Amino acid sequence: MASQHLCPLIFTCLLALAACLPALDIRNLHLLNGTLDEIMNVPPEPSQFDNDTLHARQVRDVAPRPPAGHGWPKDCSEVPAGSRSGVYIIQPKGLHHIVVYCEMNVTHGGWTVIQRNQKDTPVTWAESWSTYKYGFGNVRTEYWLGTEYIHQIAKQKVYQVRFVIQDSSDNIHFADYNLFSVEDESHGYRLRLGSYAGTAGDAMTSDNPKTMHDNMKFSTKDRDQDTYSKNCAYSYEGGWWFSACYSVRLNFKGGMTWGSLCKGNCKSSLILLKPASYC
Ligand SMILES: [Ca+2]
């Protein structure tokens, strides 16, 4: 029986988590920087244990796990309510596993963090197309989840996005768009946003086509898909949905920009996704 072979395998995995994780096919472990023990929901609870396995499990913190029979969460909104914020394994539909940071405390929780940055970051944001595609940085501090993974998550359902901006006086502002999607790579990861609400200002859409971000393709220093004669991503040292060039500059090593709220001196940014809620 396969189950007779399963228990020793699970036991081995629990004792050697690092060896087990490749079996989960997590492709973005580079975002963890070696801190595997900080994943909140590994491994999923198997159906059978022997005493040694139970002992091995007790070594680990008691953490929320995917509901039995439902597999891994497809995004952070499927992490059980009441769970702590932290690093979780998710598996978007049709995709391998990835690690993400789930923000479970603000606005009813369930938010998938796709970007986090602060002005004193050690992270270099002037990265290539392929680096942006699969993500970089540290999932617990400053990071980009990956343009491909953002696309894969956001195509599962109808999503909303929240931008959280810390201005130069440490005030926190937010900008919500009630729809968010990113087209696939063959369409340049073009951004599609819905209606704005919030306190930060509607900086992602603009009357000026030169500073528009909504409906723009994604550009990096080595892939110019903007509407500018030169390359905005190269000139302004970070990948983004550029036109010619920007009113929002969050993927940047240094003071960030959000419209007129904080031009070049925003202190931090956070971009959160969650399935849209309808009345
Ligand atoms: Ca150009």
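What you see is a predicted model; the values in this text were computed from it and never measured. Computation of the quantities below employed the complete heavy-atom set of this structure, encompassing side-chain atoms and omitting hydrogens, waters and symmetry-equivalent molecules. As the structure lists them, so they are numbered: ligands from 1, and atoms in each ligand from 1.
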> Quick one: do the Y159 and D75 side chains pair a donor with an acceptor below 3.5 Å?
Replying inline: yes
>> Under a plain distance cut-off of 3.5 Å, with no hydrogens placed, do N138 and E142 share a side-chain donor-acceptor pair?
In response: no
> Do Y132 and E148 have a side chain donor and acceptor closer than 3.5 Å?
Replying inline: no
> Out of the N/O/S atoms in D226, what is the name of the one closest to the Ca ion (ligand 1)?
Replying inline: OD1
>> Assess, by modelled atom type and distance only, whether the side chains of R192 and N215 contain a donor and an acceptor separated by less than 3.5 Å.
In response: yes
>> Can you tell me if, anywhere in Y228, an N/O/S atom lies at a distance from the Ca ion (ligand 1) that is smaller than 3.0 Å?
In response: yes
>> At less than 3.0 Å, would any N/O/S atom of K230, backbone or side chain, sit next to the Ca ion (ligand 1)?
In response: yes
